[in-house]
K.L.:
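One structure follows; several queries about it will come next.
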Amino acid sequence: MSNKALPFKRYTVTSALPYANGPLHIGHLAGAYIPADIYVRFLRLNGKDVVYVCGSDEHGAAITIKAKKEGTTPQAIIDKYHAQIKASFEQFGISFDIYHRTSERVHHELSQEFFLNLYEKGEFIEQVTEQYYDEDYHQFLADRYITGTCPNCKSEGAYGDQCEKCGTSLNPTDLINPISTLSGKPPVLRETKHWYLPLDKYQPWLEQWLLEGKRDVLKSNVYGQCRSWLKSGLQPRSMTRDLDWGVDVPLDEAKGKKLYVWLDAPIGYISATKQWALDTGNDWEKYWKKQANPADNACLIHFIGKDNIVFHCITFPSILHAHGEYILPENVPANEFLNLEGDKLSTSRNHAVWLHEYLDEFPNKQDELRYVLTSILPETADSEFTWKDFQARINNELVAILGNFVNRVLVLSHKYFGGKVVVGSELTDTDRFIFSELARYPKHIAGSITQFRFREALAQVMNVARLGNKYLADAEPWKLIKTDEERVKTVLNVSLQLTANLAVIAQPFLPRTAQKMFEMLNFEGYDWNLAGGDPLLPAGHQLGEAQLLFEKITDKQVDVQLAKLSNAKAVASIQPAKAVAEAKGNVSFEEFVKMDIRAGKILAAEKVAKTKKLLKLTIDTGLDQRTVVSGIAEFFSPEEIVGKQVSILVNLEPREIKGITSQGMILMAEDADGRLDFVAPQSAVQPGSVVR
RNA sequence: UGCGGGGUGGAGCAGUUGGUAGCUCGUCGGGCUCAUAACCCGAAGGUCACUGGUUCGAGUCCAGUCCCCGCUACCA
């Protein structure tokens, strides 16, 4: 390994802290854990000093919401999920040096230290604002905890941050008749003080460090996102919250306030390292702080999903920079998102492949999942996992290419030479070509890994197995054994050396498989630099037993998983017998008959350009043909609704929407998930028929 | 609304500084039989989202349009 590719002698690698309010799924693995684990294993094989840390993120409002919903305590929630997540990672084989948690004392102390450090330097801006407060529950309310009437469209049930009906983004104080969802009573405004990190002040520095310094380092999706943020100008960001779950703000005047989770979460990387150092007798500061000689600084790499880019590239570096003693990330290789069977992964809809369930249902198939996910990592764009593809990749690639090659070589060696490594006649040009190819691959793969191109790196590993299969097919030792045993000895020697090299380079990607290969070869090669060099197996070396590396995934296994997903979907669509909207006050008959509702028919429908939800409909109301803009595009395509009967409120004030005058409103039923369906006569009626 | 990323043969993806469009899987045909009917060879299949422009020449640069994903800050 040249120093050029790995110029640092010490590495600090982090994977995003999983939020401890639910189990892990394959999206997490593909986003931040498998890439990091490959990278770290590779560094270790190259003899680098590396610490790989992670842990559960256990603070924030979502944990308390979850606890409330399940009628338990935040502590019970985090204990449950921390244990589950940790066990899943261990079984799956993500090779953290430590998997910590942010509820530990060492973390609280370090987070407070960070806050105080910045506080004492006068970095924070202190600001008093008026926020809604629930007097029954004695707490300030997060925006989501407040509902009321939207000042824009007058619909009820708008949230403090956004009206879901008209899409307007709001401040809680904009709401008419705000109600706390905790007590159901109107909240009161109360003054509260918070400490803001002046990101605007760091903007010039960020432009220098990030936009200038990282232009050719960051992946394009990461760089573009950062540039976009910096271009629009940074604003001071509050680093404290009025919450009851988190790290206490270490100031007398801030009793009851907590640190913003995004201040404390990334510090979790550091506190985890600190705990690891305590446990193992290391010095954590070597991995995080600037060293006397900058050449001794560690290389800090954050593996995350794309939802975390701004915090890891802007907020956290700003905090580290403001503190001053810490190193900054060299790179933040963020991945895009992984989809599942055509849909986004969704925890709430249970549309996911859960890691703990996979480990139960596919015992000892960790490497199979690693392989499939690695080959579809969303490195440059969103990608998709399907069970059929999972089966195809395992059966046609792992079993057929890699497993089969290794098996062929071992079986032939045992059959012809009693499982001994033998030396035969001199190498031919073909043999020499194999060795020269073999010498190329480790460099190529190393280059891919250091550039975070893991899919490409894995494909190269598979190409080595392909090379082996072709070599065997061309050399045909099963024929030669009848005429030229010396040549067969050479062919199998070359094949075995190839297999041993394959085991070495497979380690970062398929650690368990590589281990099995080592057992079969009765050889261990925990050094990347062994690959591509001198032959690894000496003459006379005794091989171990041949065993199959992988087995095929059956159609039945795939069907079971697909059924499970559609089951989950069905359950999820029935379940929402929850949160039925509250009853409204009575209206008089006179008020009701003011509504002129008619049966109508959709004559034409088209999508309104540049919108997500809007369809422009032409409706035959019986009275006339008119244009109505309706927010139903997420559930209905224009083609499928043309000709459909609808109920339409025809005497609604016309309203300009996206430059189109909408004359009326289509009546829709909306369930608790926001799913819409038409309310219309069951059989054909004449357009213009009165609905009442 | 603004911004960022993406849109390449049936599927999943590569395409570095512009110079005849590649890979894996699938399909079809052939070979082989050591191997988990696995392996090897060959073939078919793309107007590189669309429209203009720069250039001797563009998937690759510029402008505009459309589609998909994400972010748009005090709810991780």
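Bear in mind that the values here come from a model prediction, so they are computed numbers and not experimental data. Lettering of chains follows the sequences in order, A, B, ..., and the numbering in each one begins at 1.
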K.L.:
Residues two or more places apart in sequence or in another chain: which of them pass side-chain hydrogen bond (donor to acceptor under 3.5 Å, both in side chains) with Tyr33(A)?
P.N.:
none
K.L.:
Quick one: OG1 on Thr374(A) to CG on Leu369(A), what's the gap to the nearest 0.5 Å?
P.N.:
8.5 Å
K.L.:
Given ring pair (Phe, Tyr, Trp, His ring centres under 6.0 Å), test Phe311(A) with His302(A) step by step and report yes or no.
P.N.:
CA-CA 11 Å; Phe311(A) 294 100; His302(A) 296 303; over 10 Å; no
K.L.:
How do Tyr260(A) and Val222(A) order along RNA chain B: which one's closest nucleotide is nearer the 5' end?
P.N.:
Val222(A)
K.L.:
What is the distance, to the nearest angstrom, from the CG atom on Leu234(A) to the P atom on U72(B)?
P.N.:
14 Å
K.L.:
Using the P atom on both, measure G42(B) against A35(B) and round to a whole Å.
P.N.:
25 Å
K.L.:
Could you go through nucleotides 8-11 of chain B and list every protein N or O atom that sits under 3.5 Å from one of its N or O atoms, giving the distance for each pair?
P.N.:
none

K.L.:
For G18(B) versus A11(B), give the span between their P atoms, rounded off to a whole number of Å.
P.N.:
30 Å
K.L.:
Indicate, with a heavy-atom threshold strictly under 4.0 Å, whether Phe337(A) touches base, sugar-phosphate, or nothing.
P.N.:
sugar-phosphate
K.L.:
Please list all pairs passing the side-chain hydrogen bond (donor to acceptor under 3.5 Å, both in side chains) test where one or both residues lie in residues 451-462 of chain A, with sequence neighbours left out.
P.N.:
Ser448(A)-Glu456(A), Arg453(A)-Glu456(A)
K.L.:
Using a heavy-atom cut-off of under 4.0 Å over every strand shown, decide if Phe550(A) touches base, sugar-phosphate, or nothing.
P.N.:
base
K.L.:
Can you list everything that forms a ring-ring contact (aromatic ring centres under 6.0 Å, His included) with Phe417(A)? Sequence neighbours excluded, please.
P.N.:
none
K.L.:
If I pick the P atom on U72(B) and the same atom on C28(B), what distance separates them, to the nearest angstrom?
P.N.:
48 Å
K.L.:
When the P atoms of U16(B) and G59(B) are compared, how many Å lie between them, rounded to an integer?
P.N.:
13 Å
K.L.:
Is there any protein nitrogen or oxygen under 3.5 Å from a nitrogen or oxygen in nucleotides 37-41 of chain B, and what are the pairs?
P.N.:
residue : atom : partner   : partner atom : Å
A38(B)  : OP1  : Lys552(A) : NZ           : 3.0
A38(B)  : O2'  : Ala400(A) : O            : 3.3
A38(B)  : O2'  : Asn404(A) : ND2          : 3.0
C39(B)  : O4'  : Asn404(A) : ND2          : 3.4
C39(B)  : O2'  : Arg408(A) : NH1          : 2.8

K.L.:
Would the number of heavy atoms belonging to other residues, nucleotides or ligands and lying under 6.0 Å from CD of Glu551(A) be above 12?
P.N.:
no
K.L.:
Taking the C1' atom of each, how far is U8(B) from U47(B), in whole Å?
P.N.:
12 Å
K.L.:
Mind checking if Leu263(A) touches a base, just sugar-phosphate, or nothing, with heavy atoms under 4.0 Å?
P.N.:
nothing
K.L.:
Write down the distance separating the C1' atoms in G31(B) and G19(B), rounded off to the nearest Å.
P.N.:
38 Å
K.L.:
What is the distance, rounded to the nearest whole Å, between atom CD of Gln131(A) and atom P of C75(B)?
P.N.:
8 Å
K.L.:
When you measure from the side chain of Ser238(A) to the backbone of His194(A), do you find a donor-acceptor pair of N or O atoms at a distance under 3.5 Å?
P.N.:
no
K.L.:
Quick check on Lys388(A): does its NZ atom have over 12 non-hydrogen neighbours (other residues, nucleotides or ligands) under 6.0 Å away?
P.N.:
no
K.L.:
Nearest to the Glu476(A) side chain among C34(B), C32(B), A76(B), which nucleotide is it?
P.N.:
C32(B)
K.L.:
Report the distance from atom CG of Leu211(A) to atom C1' of C3(B), rounded to the nearest whole Å.
P.N.:
14 Å
K.L.:
Between Phe124(A) and Phe115(A) (judged by ring centroids, cut-off 6.0 Å), do the two rings come close enough to count as a pair?
P.N.:
yes
K.L.:
What interatomic distance, in whole Å, is found between P of C23(B) and the corresponding atom of G4(B)?
P.N.:
34 Å
K.L.:
Roughly how many Å is it from CD1 in Ile481(A) to C1' in U33(B), rounded to a whole number?
P.N.:
15 Å
K.L.:
Please measure how far the C1' atom in G52(B) lies from the corresponding atom in G10(B), and state the result in whole Å.
P.N.:
31 Å
K.L.:
To the nearest angstrom, how far is Lys219(A) atom NZ from G6(B) atom P?
P.N.:
11 Å
K.L.:
Based on Watson-Crick and G-U pairs with both distances under 3.5 Å, what dot-bracket line describes RNA chain B 5' to 3', crossing pairs as [ ] and inter-strand pairs as |?
P.N.:
.((((((..((((.....[..)))).(((((.......))))).....(((((..]....))))))))))).....
K.L.:
Starting at the 5' end of RNA chain B and moving along, which residue's nearest nucleotide shows up first, Pro236(A) or Glu551(A)?
P.N.:
Glu551(A)
K.L.:
Taking only residues two or more places apart in sequence, or in another chain, which ones meet Asn469(A) in a side-chain hydrogen bond (donor to acceptor under 3.5 Å, both in side chains)?
P.N.:
Arg408(A)
K.L.:
Indicate every side-chain donor-acceptor pair of residues 477-485 of chain A with a distance under 3.5 Å to a residue at least two apart or in another chain.
P.N.:
residue   : atom : partner   : partner atom : Å
Lys479(A) : NZ   : Glu476(A) : OE2          : 3.2
Thr483(A) : OG1  : Leu480(A) : O            : 3.3
Asp484(A) : OD1  : Arg487(A) : N            : 3.2

K.L.:
In whole angstroms, how far is the C1' atom of C71(B) from the CD atom of Glu336(A)?
P.N.:
11 Å
K.L.:
What residues, two or more places apart in sequence or in another chain, satisfy ring-ring contact (aromatic ring centres under 6.0 Å, His included) together with His28(A)?
P.N.:
His25(A)
K.L.:
Sequence neighbours left out, what passes side-chain hydrogen bond (donor to acceptor under 3.5 Å, both in side chains) with Lys552(A)? Give chain and number order.
P.N.:
none
K.L.:
Output the rounded distance in Å from CG (Asn335(A)) to P (G5(B)).
P.N.:
16 Å
K.L.:
Which residues satisfy the side chain to side chain contact (heavy atoms under 4.5 Å, CB included) test with Arg227(A), sequence neighbours excluded?
P.N.:
Leu211(A), Tyr223(A)
K.L.:
Please tabulate, one pair per line, each protein N/O and nucleotide N/O from nucleotides 13-17 of chain B that are separated by under 3.5 Å, including the distance.
P.N.:
residue : atom : partner   : partner atom : Å
C13(B)  : O3'  : Arg455(A) : NH2          : 2.8
A14(B)  : OP1  : Thr380(A) : OG1          : 2.5
A14(B)  : OP1  : Arg455(A) : NH2          : 2.7
G15(B)  : OP1  : Arg453(A) : NH2          : 3.1

K.L.:
Between Glu379(A) and Lys219(A), is there a salt bridge with N-O shorter than 4.0 Å?
P.N.:
no
K.L.:
Return the value, rounded to whole Å, for the distance between atom CD of Gln235(A) and atom P of G2(B).
P.N.:
19 Å
